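Below is one structure, written out as structure tokens, with a few remarks after it.
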Amino acid sequence: RISTTAFRLRVRSEPSLSGQRLGVQRRNSEGTIIGGPVTSGGYSWWQIDYDNRPDGWSAENWLKTL
């Protein structure tokens, strides 16, 4: 399980900065890691099934484990 630390963390369709933006998760949003890590663009990306939509890929820098 993870929680977000950014005020508005972008959720992407692919593990990269060029992936389509699916939306955002607000700070302290929680979810379950279902894929990754994938390194791209200087970030480690994790695929996350968030408790609230949207689900997708987010950069590790703004995630913390619960």
Side-chain angles (χ1 to χ4, degrees):
R1 298 278 298 164
I2 58 87
S3 176
T4 60
T5 61
F7 178 68
R8 292 172 51 98
L9 179 60
R10 290 185 179 121
V11 179
R12 297 185 181 272
S13 62
E14 299 174 24
S16 75
L17 292 172
S18 61
Q20 178 185 0
R21 293 181 193 172
L22 301 176
V24 297
Q25 291 288 342
R26 298 217 179 260
R27 183 181 291 135
N28 298 319
S29 296
E30 296 182 7
T32 302
I33 293 173
I34 59 172
V38 174
T39 302
S40 175
Y43 296 98
S44 291
W45 298 84
W46 295 91
Q47 187 178 22
I48 301 169
D49 178 8
Y50 285 102
D51 292 349
N52 297 302
R53 293 193 180 270
D55 300 327
W57 293 87
S58 295
E60 179 177 87
N61 298 46
W62 297 278
L63 302 172
K64 68 178 180 178
T65 57
L66 297 177

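Nothing here was measured: the structure is a model prediction, and the numbers come from that model. We're numbering straight along the sequence, starting at 1.
- S29 is linked by a side chain to side chain donor-acceptor pair (under 3.5 Å) to Q25, counting only residues two or more places apart in sequence or in another chain.
- Taking the side chain to side chain contact (heavy atoms under 4.5 Å, CB included) definition, one finds that R10 meets it with R12, R21, V24, sequence neighbours left out.
- Listed by chain and residue number, S18 satisfy the side chain to side chain donor-acceptor pair (under 3.5 Å) test with S16 (two or more places apart in sequence, or in another chain).
- Here side-chain hydrogen bond (donor to acceptor under 3.5 Å, both in side chains) pairs that include residues 56-66, with residues two or more places apart or in two chains, are W46-E60, Y50-S58.
- Contact between S13 and G19 at its shortest, heavy atoms only, is OG-C, 3.9 Å.
- For E30, the side chain to side chain donor-acceptor pair (under 3.5 Å) criterion is met by R1, not counting sequence neighbours.
- A distance of 9.5 Å separates CD1 in I48 from CG in D55, rounded to the nearest 0.5 Å.
- When atom types are taken as modelled, the side chain of T4 and the backbone of N28 share a donor-acceptor pair closer than 3.5 angstrom.
- The salt bridge (charged side-chain N to carboxylate O under 4.0 Å, His left out) contacts involving residues 36-50 comprise nothing, where partners must be two or more places apart or lie in separate chains.
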